[in-house]
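Contents: one structure, followed by commentary.
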Amino acid sequence: MKKTLVHIVYVVLSAAALVVAAGAPIPWSL
Amino acid sequence: MILALAVVLAIVIALLRGGSLYKLAQVPFKHGWLAFVAVGLQVAAVYAQQVEGLAAGMFVLSYILLIGLIVLNRRVAGVLVIGLGLGLNALVTAMNGGYMPVTPEAIEQAGLGHLVSEVEAGTRILGSKDMVLSRADSSLWFLGDAFVLKGPWPTVFSIGDVLLAVGIVIFFQRAMLSVSSSEATRQDASRISE
């Protein structure tokens, strides 16, 4: 159960980090 | 920040459509740590721009890591669209000396003039990857931050950013609404027995 939750959080944060790093809108590009 | 909001919106839409967060546990997303390293490099690059060449090098390295991450996860739904958005942003950034071009008009229209001391060509925008450049002075200006979104959160964004938002919506819709093979087998069995 704990492993599942960790993987869910990992997927959400990885995907968010990917689009934030790949994007460049203003304000708050990063 | 608008792309982080796109992530939240994508998850909310999937939940409203009957999706489940637990299905994200089945997404085979590999080496996601590369994205965290890329973000770290870009944050460092934005705040280390006094050192000529270092910031550009860190940006290049971050894009290489992101491309690697896209390739490793190319079979995951939405990732190739995200890769296309990344490619367009990286292309226009590379064509303009390592900075995303934004026109003075776009900055003014969005009411974001306060982010720059002077809305003049060549001015860097603090805390961002952007540089103010007129259309005439920038290469591929239409791929830069040339589009304005007004409203409660005014923003300036690029075509690449739109593709990133579309890609992340596809990613979460497919991941959270997908039917796993075991569920599909169960559903098929129940259909046959009916």
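Below, read A as the first sequence line, B as the second, and so on, with proteins coming before strands; counting in each chain starts at 1. None of these values were measured; they are calculated from a predicted model. Note that these values count all heavy atoms, side chains included, but never hydrogens, waters or copies made by symmetry.
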Legend entry - Contact summary for B:A25 and A:T4, nearest pair of heavy atoms: CB-CG2, 3.4 Å
Inset, instruction - Determine whether B:I13 and B:F172 fall in the same hydrophobic cluster, where Ile, Leu, Val, Met, Phe, Trp and Tyr are linked whenever their side-chain heavy atoms lie under 4.5 Å apart. - result: no
Legend entry - Shortest non-hydrogen contact from B:G32 toward A:Y10: N-OH, 2.6 Å
Legend entry - Any A:V19 side-chain heavy atom under 4.5 Å of B:F171 side chain: no
Inset, instruction - State plainly whether one hydrophobic cluster holds both B:L149 and B:I159, where clusters connect Ile, Leu, Val, Met, Phe, Trp and Tyr through side-chain heavy atoms under 4.5 angstrom apart. - result: yes
Inset, instruction - Tell me, for B:F29 versus chain A, whether the close heavy atoms (under 4.5 Å) come from the side chain, the backbone, both or neither. - result: both
Legend entry - B:T93: side-chain contact (heavy atoms from CB on, under 4.5 Å) partners, not counting sequence neighbours: B:Y63, B:M100
Inset, instruction - Run through B:L164, B:V39, B:L69 and flag the one making a side-chain contact (heavy atoms from CB on, under 4.5 Å) with A:L18. - result: B:L69
Inset, instruction - Determine, using the 4.5 Å side-chain heavy-atom cutoff (strictly less than), whether B:L72 and B:W33 are members of one ILVMFWY cluster. - result: yes
Inset, instruction - Check the hydrophobic clustering (I, L, V, M, F, W, Y; side-chain heavy atoms under 4.5 Å; chains of links allowed) and say if B:L16 and B:V8 are grouped together. - result: yes
Inset, instruction - Name the option with the most non-hydrogen atom pairs under 4.5 Å to chain B; the candidates are A:A22, A:A15, A:A16. - result: A:A22
Legend entry - Point-to-point distance, once rounded to the nearest 0.5 Å, from CG of B:L34 to OG of A:S14: 9.5 Å
Inset, instruction - Under the side-chain contact (heavy atoms from CB on, under 4.5 Å) rule, collect the residues that match up with B:L15, sequence neighbours excluded. - result: B:I11, B:L21, B:M176
Legend entry - Contacting region of A:V12 [heavy-atom separation from chain B under 4.5 Å]: both
Inset, instruction - Sort B:F147 into side chain, backbone, both or neither according to what part of it lies under 4.5 angstrom from a heavy atom of chain A. - result: neither
Inset, instruction - Examine B:L9 and B:I168 and state if one hydrophobic cluster contains both, with Ile, Leu, Val, Met, Phe, Trp and Tyr joined whenever side-chain heavy atoms are less than 4.5 Å apart. - result: no
Inset, instruction - Could you tell me which residues satisfy side-chain contact (heavy atoms from CB on, under 4.5 Å) with B:F142, sequence neighbours excluded, listed by chain and number? - result: B:L140
Inset, instruction - Sort by residue number and list every member of residues 73-92 of chain B having a non-hydrogen atom under 4.5 Å from chain A. - result: B:I82, B:L86, B:N89
Inset, instruction - For the pair A:H7 (side chain) and B:V27 (backbone), establish whether a donor and an acceptor sit closer than 3.5 Å, ignoring hydrogens and angles. - result: yes
